[in-house]
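Remarks on the structure that follows.
Count residues from 1 along the sequence. Just so you know, these numbers use all the heavy atoms, side chains as well, and skip hydrogens, waters and symmetry mates.
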Amino acid sequence: MLGNLPPEAASFVGRKREVALLDGLLRRNRLITLTGAGGVGKSRLALRAVRAHRPARPDGTWWVELSPLRDPALLAAAVAHALGLSLQSTRSTDEELCAWMADKELLLVLDTCEHLVAACRHLIGDLLQSAPGLTVLVTSREPLGGAGELLVDVRPLPAEGPDSDALALFRERALAAGPAAAAAFADPAGTALAAALCRRLDGLPLALELAGARLRRLTLGELAQRLDARLELLCDADPALPPRHRTLRTAIGWSHELCEPVERLLWARLSVFAGSFDLAAARAVCCGGPLPAARVPGVLAGLVAKSVVRRSEEPGAGPRFRMLDTLREYGHGWLAELDEVRPLADRHAHWYAALAEAAEREWLGPQQVAWYRRMTADHMQLRAALEHLLRTDAVAALEMAGALWFLWFSCGHAHEGKAFLERALEVGPRTGAAYARAVWALGLTCLLLGELDRAVDWGLECIRAARGLADPERELRAAYLTGVSLLMAGDPHRALELAGPQARAAHGGRVDGVGWLLCRLATAYALSALERFEEAAEEARGLREACAALGERWLRAYADYVLSSAALGRGRHGEAVRHVRAMLAGKQLLGDRIGIAVGLDLQAAAVAALGDGEEAARLLGAGHAWWRTVGRPQLGSPSLTALRDRGERQARAAIGDAAYERAFASAVRDGAVAPTR
């Protein structure tokens with residue numbers, strides 16, 4: 001199934017009627033909201049229902065997890081990111097999403113929307129109006145209030161009878177906790193006691209899972225006794241509390257009480273994380289006092305065993321951990337009681353700021369792919385850290401936003417990066433190295449978004465700031481930004497003056513630094529645009545060798561692109577195909593959608609020149625699908641547009657218009673999959 005559905009964290013029990021109901025509703029209705037109390041299982045039900053839903057949507061089923069998102073202004077960016085889009089244009093992300101979805105048939109799931117109700121209602125309304133083939137499934141503790149919204153109240157699992165779903169879930173989670181629990185269900189008395197406990201817990205899935213995990217150390221009788229005592233205490237303390245809320249608070253509070261003191265402390269401190277996190281972050285952010293860093297892994301494992309924290313494996317990112325929202329909220333309440341909210345938020349933000357600096361230092365190196373995967377996995381944490389620093393530490397916010405230039409520029413988050421950088425520059429200092437780097441990063445985002453005049457302006461400001469620092473590396477980066485902005489606007493001569501060999505030599509600096517290597521790329525582009533293909537190839541070969549020596553892939557792939565373009569310009573079409581295949585392989589490793597789209601257009605032109613019109617049409621169709629995920633075909637560049645059009649003309653001439661249209665349309669339907677054969 002096309003899409004990005006997360007794996008189910010554990011086996012799914014019961015809910016057959018609800019799954020069947022949702023399957024029918026998803027066929028007939030365009031906006032469905034699953035409502036219900038925290039811990040009732042809305043997300044699990046939604047995931048199971050969309051997995052079971054048939055027929056599959058031609059354009060996929062896509063899951064957007066919103067629980068870690070706090071800024072409503074980033075909602076559209078979060079949806080675009082989940083869809084695998086890297087929208088780069090002057091239009092807003094909302095507008096780009098609407099345009100991209102207009103002809104799509106897909107199912108979009110927005111999970112955990114109660115803290116973003118107004119923003120979700122507005123965005124969903126625009127998307128449904130723009131895309132007739134779109135269906136949206138929402139999970140939220142409260143309705144969105146949108147037009148045409150169908151509400152489905154998710155209730156607790158049935159808890160009556162010896163074959164109830166609640167008892168089945170409790171038994172399964174208890175047996176998963178350890179072999180000792182098996183004896184509890186071996187006789188009718190034990191089963192009856194378990195059934196009574198399920199009724200006492202009102203069939204709430206989260207409460208049942210927490211209780212089941214406790215049978216690792218408690219007997220059924222001890223479990224029931226402690227729950228009864230705590231529920232009576234809570235009823236006396238707050239009789240106005242609705243029954244389900246009392247039950248959930250009982251289960252969570254009782255589970256909290258049964259934790260060791262250091263487990264309770266870690267539970268509270270982990271609430272600072274937005275979304276998933278890794279062990280290194282937990283150790284660094286949550287240690288201190290009675291919880292030294294060396295103990296964090298063992299204590300975290302204890303919380304996993306008690307179902308307070310969930311562990312998962314993410315491809316390329318290793319083991320990750322997360323807490324359900326309800327448990328995170330409870331932990332955050334205790335963090336406030338400990339008066340540690342601000343200290344933990346500071347520590348969290350500075351940990352991820354340091355991570356951003358480390359990634360920036362090593363971006364052009366052998367760990368580039370690993371850093372790309374890690375920063376992608378930690379995207380939500382980086383957002384949370386930046387938001388906190390923007391409120392509390394303007395200098396650190398400016399430093400972090402600038403350090404993440406590679407995330408904004410190379411990894412497809414230009415809109416988001418531009419917003420963060422503009423905010424950081426508003427509150428941060430107007431001088432110094434952090435300012436110069438942030439200005440440069442902002443110029444890069446403008447370049448990608450097609451705001452070429454602004455990119456040139458920021459480039460000139462970069463040059464001024466770098467000269468004030470007498471820093472050759474900053475000067476070279478500024479020269480690249482200004483030169484490429486002018487090149488894309490149609491002035492390769494000026495680009496060559498700014499970034500060419502003489503200009504680089506005048507600046508000085510490290511020949512393996514970011515600025516120097518980027519200027520070499522700008523030079524190769526400019527020479528190719530001037531049809532000085534031999535010189536362009538020589539510059540690109542030098543750049544490729546330098547990148548290979550560093551173990552770097554992102555820039556190296558663009559060097560392969562220039563080598564392919566230069567070979568095509570000299571009529572060496574087979575050589576052009578070989579180089580562009582190498583380029584596409586590198587770009588796929590890093591998820592560089594612009595690079596993949598650009599490369600497919602070039603590969604199509606080379607293949608068409610070899611006379612294979614059908615393959616060229618398929619490549620152009622795949623390229624079209626990728627450009628749609630970017631939002632601005634050929635980046636608005638006249639030279640890129642001319643290359644693409646040239647490939648189309650030759651392909652049509654080789655196989656005819658009808659065959660071209662069939663091959664092109666087939667590749668577009670197959671989606672954004674980049675062939676490299």
Side-chain angles (χ1 to χ4, degrees), residues 9-10 39 67-68 173-174 176-181 206-207 209-218 222-223 226 230 249-314 317-352 354-355 374 377-378 380-381 384-385:
S67 60
R173 298 301 185 259
L206 177 56
E209 293 197 4
L210 290 171
R214 286 301 176 182
L215 289 183
R216 181 187 299 268
R217 295 188 177 179
L218 298 176
E222 291 170 333
L223 188 62
R226 294 191 186 199
R230 198 175 197 288
R249 281 180 57 181
T250 294
I252 296 173
W254 149 85
S255 189
H256 185 262
E257 288 173 3
L258 291 180
C259 287
E260 298 294 329
V262 287
E263 290 178 330
R264 293 199 290 269
L265 179 60
L266 183 58
W267 182 344
R269 289 178 175 176
L270 288 175
S271 70
V272 76
F273 288 101
S276 72
F277 53 90
D278 62 15
L279 179 58
R283 186 189 291 117
V285 174
C286 299
C287 68
L291 184 59
R295 288 198 65 188
V296 169
V299 178
L300 181 59
L303 291 177
V304 171
K306 295 174 175 66
S307 295
V308 174
V309 174
R310 293 185 174 176
R311 185 184 187 276
S312 64
E313 290 282 342
E314 295 187 15
R320 306 280 296 182
F321 303 88
R322 67 177 311 118
M323 277 197 292
L324 293 179
D325 272 0
T326 308
L327 301 179
R328 181 177 176 272
E329 290 165 6
Y330 189 88
H332 198 265
W334 277 100
L335 194 66
E337 289 288 327
L338 296 170
D339 198 23
E340 287 193 354
V341 172
R342 175 63 187 271
L344 262 291
D346 286 345
R347 199 182 302 171
H348 173 276
H350 288 290
W351 163 260
Y352 284 101
L355 192 70
R374 181 170 185 180
D378 277 327
M380 287 292 189
Q381 307 296 348

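Summarising the geometry, atom CG belonging to Leu335 is positioned 13.5 Å from atom CH2 belonging to Trp267; distances are rounded to the nearest 0.5 Å. To the nearest 0.5 angstrom, Arg311 atom CZ is 14.0 Å from Leu303 atom CG. To the nearest 0.5 Å, the span separating SG on Cys286 from CZ on Arg295 amounts to 14.0 Å. Between the CG atom of Leu324 and the CD atom of Glu329 there is a distance of 10.5 Å, given to the nearest 0.5 Å. Within the model, atoms CZ of Arg283 and CZ of Phe277 stand 12.5 Å from one another, a figure rounded to the nearest 0.5 Å. In this structure, CG in Leu355 is found 8.0 Å from CG in Asp278, a value given to the nearest 0.5 Å.
Of all the heavy atoms in Pro290 and Leu265, the pair that sits closest is CG-CD2, 3.6 Å. Listed here is the closest heavy atom pair of Pro297 and Ala293: CD-O, 3.5 Å. Nearest heavy-atom pair across Leu338 and Ala268 is CD1-CB, 4.2 Å. Counting all heavy atoms, side chain and backbone alike, Leu300 lies closest to Leu266 at N-CD2, 3.6 Å. Residue Val262 comes nearest to Val299 through the heavy atom pair O-CG1, 3.7 Å, listed as atom of the first residue, atom of the second, then distance. The minimum heavy-atom distance between Ala377 and Ser276, with the atom names listed, is O-OG, 4.2 Å.
Side chains of Val285 and Phe273 form a contact here, defined as non-hydrogen atoms less than 4.5 Å apart.
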With side-chain contact (heavy atoms from CB on, under 4.5 Å) as the test, would you mind laying out the steps for Cys259 and Lys306 before giving the verdict? CA-CA 9 Å; Cys259 287; Lys306 295 174 175 66; 3.9 Å; yes
Run the numbers on Tyr330 and His256 for side-chain contact (heavy atoms from CB on, under 4.5 Å), then give the verdict. CA-CA 9 Å; Tyr330 189 88; His256 185 262; 3.6 Å; yes
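Between the side chain of Arg269 and the main chain of Gly288, a donor-acceptor pair closer than 3.5 Å is present. Of the possible donor and acceptor atoms, one in the side chain of Arg328 sits under 3.5 Å from a partner among the backbone N and O of Ser271. Under a 3.5 Å cut-off, the side chain of Arg320 and the backbone N or O of Ser312 do not form any donor-acceptor pair.
A tilted orientation is assigned to the rings of Tyr352 and His348, their planes being inclined by 30° to 60°.
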